[in-house]
Protein chains: 2
Amino acid sequence: MPKRVTAKEVAKALGISTMTVSRALNNRPNVDPKTRQKVLETAQKLGYFPNYIAKSLVLRKTNTIGVVVPEITHSFFPEVVRGIEEISYQSGYDLILSHSAESGIREKSAIETLVSKQVDGLLISTAQTVSDYTIYQQVMRRGIPIVFYDRCVKNIGANCVSIDDEESATLITEHLIQHGYQRIGHISGPSQVLIGQARKQGFIKALQKSNLTVDADLIIEAGFHEKDGYSAMQTLLQLPPGKMPRAVVAVNDPAAFGAMKAIYEHNLRIPEDVAIVGFSDDIRAELIRTPLTTIRQNAYEVGRRAVQKLIDQIENKTSSVEEIIVKGELVIRNSCGCTG
Amino acid sequence: MPKRVTAKEVAKALGISTMTVSRALNNRPNVDPKTRQKVLETAQKLGYFPNYIAKSLVLRKTNTIGVVVPEITHSFFPEVVRGIEEISYQSGYDLILSHSAESGIREKSAIETLVSKQVDGLLISTAQTVSDYTIYQQVMRRGIPIVFYDRCVKNIGANCVSIDDEESATLITEHLIQHGYQRIGHISGPSQVLIGQARKQGFIKALQKSNLTVDADLIIEAGFHEKDGYSAMQTLLQLPPGKMPRAVVAVNDPAAFGAMKAIYEHNLRIPEDVAIVGFSDDIRAELIRTPLTTIRQNAYEVGRRAVQKLIDQIENKTSSVEEIIVKGELVIRNSCGCTG
DNA sequence: AGCAGAAATGTTAGCGATAACATTTAGCGC
DNA sequence: GCGCTAAATGTTATCGCTAACATTTCTGCT
């Protein structure tokens, strides 16, 4: 096992103290330029790498940010991480990445590990099953700042960067209303998931703003996957002709794809018979038979804003608690009735 | 600033020594069960988090693996990271993620930082511009194991897990040959990139094995993007009818998409007039007008095998240097001439 | 009860670096 | 060349933890 070269050995090789070596290596003032030069050369020659672990112990700073991601398969989060990485790199922070796999228990344990590793701050997107917030509070009480991203925890004094699900849902629903559709249905997410709730709220709000009746029969609680959209749409298609929705807002793109399949199977056309829109701008959205009108969410921007806020907090540049909302963008294609 | 609770304070609260606290917390033998119980309770009550930085300093082990990724936008690498994460989590290692952005300089600096952070091992996929391998050797001489993944560095005694680009290219080319096509063209990657070279080699090898002539005019050096495939295909389509390829092997799926666009613009049909195949199983490959026959690369598996190898090495379970190759899988759709 | 041996606990030193203070050396004016 | 200040360097203690050794407290057995 090769021995590791320490500052002490560099010092010994030059017949000086480790303190001078430390000063030279860290560009501190009050070091003779000739000494500094010699230290640099010797360090290079001996293959010296500073030990950041030791440094972190004494400085109580690791220049490391802990990132907790609930799901990595989903394309949204890698994109967020890319944004996080970009800014943190520029600011000289490294990232420790943890995956909670949507499990509250794993999330808690990941946070504990990160705290034990003395990260300077945490970026967290909560797992879907989390309901106990004491760990967050415990961490914050220790003076470790947390910024939540995408999935926020409110009222515990933490910063938060999220997507404006509700407003975006309103936006896209209003687009359908502008097309003149009166009866609009909604294929929603599971009711216990925040994102689903927000989008449903936004949908309802848009109807109300235009004085359209909100018909509970036209809101089907489903899920985020293709099959959920498929079966929900089948339910809608079974409604009597006078009641069947002329347009549908799906909770996300996969659900919309499923719904489209059901529509085609009923020998109906999109958008001539039923218009449909999605949410999240899946890569497939523009490639399918009738390209899907949807909302593009800027995951990259969410990541950037979240770390930036966290780093500001770590370096005491800000103290106010903010809720930053990254706007979604309406991507108009053909499934809504627009012609492209 | 809240003070951090240390083992010493837990000890003082109980009137015992820190050593006993340490032993109790780490499930060491020779601790009275009652004492252990009290320590656990008190630690919990005081909100004690162990300081892994201090622990790492004395144990010279961080339980952390450094991962260097050249590119995060590309879907391949997030998938590799997912595989890495899964296994490392099971084995109790955390990941520090670094991004070299295909820059040799950034890669070197990332490695230096990771070494300074005392990672137990490194997973590296080299940036495209890297040609100086001394940093790798320096790190390995320090006793820090490296496993390369996807993009390997040979002959420096490091383990490596990669995709069998050459063999897969042979495989898919042979599939075209089985269709009876005689004149087959290749839209290759840039010649200085290894992956491109390997695929081209595999393409050539398949032709040779079947005693088909390798016509240099049918091999167009292009790039990995859609526009590269588009312009390369245009060059091929300009060839005199007797020379124009009846089938094309594209270096990857995006290049194939570009090529397909060019083919359609020439009012030719796929696969009736020109058959084409890709590489990498892009998510769009099965959704397009004529679904693309391609090679699926198991990025997830690459990640899993690479960390596993690394952890074995860290824990001294293996010492032999291996080159692990994860096989690609032929995904047959319609663009090759098969009917689905 | 007395004692060996095991079990439980304590003490000291050190991991590799830096802060804070102490000391030596250098520079400069008269 | 002297004295004074500033620059350069050195010393000691410490960050929070654990290894290694030292000591004390239990056991059980004759």
Side-chain angles (χ1 to χ4, degrees), chain A residues 1-40 42-43 46-64 113 115-120 142-143, chain B residues 1-40 42-43 46-64 113 115-120 142-143:
Chain A
M1 185 63 168
K3 60 169 191 328
R4 315 214 154 164
V5 183
T6 69
K8 203 160 152 188
E9 288 163 59
V10 175
K12 194 154 45 170
L14 287 165
I16 59 176
S17 78
T18 64
M19 204 54 230
T20 304
V21 171
S22 168
R23 278 190 274 248
L25 258 21
N26 289 286
N27 289 310
R28 295 299 183 69
N30 299 340
V31 178
D32 189 300
K34 276 177 287 183
T35 311
R36 168 168 294 139
Q37 183 58 29
K38 276 192 289 183
V39 169
L40 258 39
T42 312
L46 298 181
Y48 171 76
F49 283 78
N51 186 328
Y52 286 176
I53 291 288
K55 187 169 180 163
S56 294
L57 184 60
V58 50
L59 296 186
R60 289 130 175 280
K61 178 118 202 300
T62 53
N63 278 287
T64 304
T113 303
V115 169
S116 289
K117 291 213 168 185
Q118 312 292 117
V119 294
D120 296 334
R142 278 194 123 228
Chain B
M1 187 61 167
K3 61 169 189 329
R4 315 213 155 165
V5 183
T6 69
K8 202 159 152 188
E9 289 164 57
V10 176
K12 194 154 44 169
L14 287 165
I16 60 177
S17 78
T18 64
M19 203 55 231
T20 303
V21 172
S22 169
R23 276 189 275 249
L25 256 24
N26 289 286
N27 288 311
R28 294 299 181 70
N30 299 339
V31 179
D32 190 299
K34 275 176 287 181
T35 310
R36 167 168 295 138
Q37 183 58 28
K38 274 191 291 183
V39 169
L40 259 39
T42 312
L46 297 181
Y48 171 77
F49 283 78
N51 185 328
Y52 286 176
I53 291 288
K55 186 169 181 165
S56 294
L57 184 61
V58 48
L59 295 186
R60 290 129 174 279
K61 179 118 204 299
T62 53
N63 279 288
T64 305
T113 303
V115 170
S116 289
K117 290 213 169 186
Q118 313 293 118
V119 294
D120 295 334
R142 278 193 123 230

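Every chain is numbered from 1, with letters handed out A, B, ... down the list of sequences. These figures come from a predicted structure and were not determined experimentally.
Applying the side chain to side chain donor-acceptor pair (under 3.5 Å) test to N26(A) and every residue at least two apart in sequence or in another chain returns K55(A). In this view, T20(B) and S17(B) satisfy the side chain to side chain donor-acceptor pair (under 3.5 Å) rule, not counting sequence neighbours. Under the rule for a salt bridge (Lys or Arg N to Asp or Glu O under 4.0 Å), K8(B) has no partner lying at least two apart in sequence or in another chain.
A 4.5 Å side-chain heavy-atom check between L25(A) and V10(A) finds every atom pair outside the cut-off. Here the side chains of R142(B) and V115(B) are in contact, with some heavy-atom distance below 4.5 Å. In this structure the side chain of Y48(B) never reaches within 4.5 angstrom of the side chain of V21(B), judged on heavy atoms.
One interatomic measurement links the two molecules: CD1 of I16(A) to P of dA8(D), which rounds to 14 Å at whole-angstrom precision. At whole-Å resolution of the value, NZ in K34(B) and C1' in dC26(D) are 11 Å apart. The CG atom of L14(B) sits 11 Å away from the P atom of dT9(C) (whole-angstrom rounding). Across the protein-nucleic acid pair, Q37(A) atom CD and dA8(D) atom P stand 15 Å apart, rounded to whole Å.
Contact annotation for N30(B): base contact, defined as any heavy-atom pair under 4.0 Å involving a base atom. Residue-level contact check: S56(B) touches neither bases nor backbone, having no heavy atom under 4.0 Å from any strand.
Regarding contacts with the backbone of dG10(C), a side-chain N or O of S17(B) is found under 4.0 angstrom from either OP1 or OP2.
The backbone N or O of N51(B) sits nowhere less than 3.5 Å from a side-chain atom of S116(A) that would complete a donor-acceptor pair. No donor-acceptor pair closer than 3.5 Å links the side chain of R60(A) to the backbone N or O of Q118(A). Using a distance-only test at 3.5 Å, with no hydrogens or angles considered, no donor-acceptor pair links the side chain of T18(B) to the main chain of A7(B).
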**Item:** Under 4.0 Å protein heavy-atom contact, by nucleotide of nucleotides 12-19 of chain C - B base, S sugar-phosphate only
**Value:** --BBBSBB
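Atom-to-atom distance recorded for K117(B):NZ and K117(A):NZ is 10.5 Å, nearest 0.5 angstrom.
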**Pairing pattern in dot-bracket form [Watson-Crick, G-U; both distances under 3.5 Å; | = partner strand] for DNA chain C** = ||||||||||||||||||||||||||||||
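Contact record, V119(B) with T62(B): CA-OG1, 3.7 Å, taken as the closest heavy-atom pair.
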Please produce a list of atom pairs where a protein N or O lies less than 3.5 Å from an N or O of nucleotides 23-25 of chain D.
none

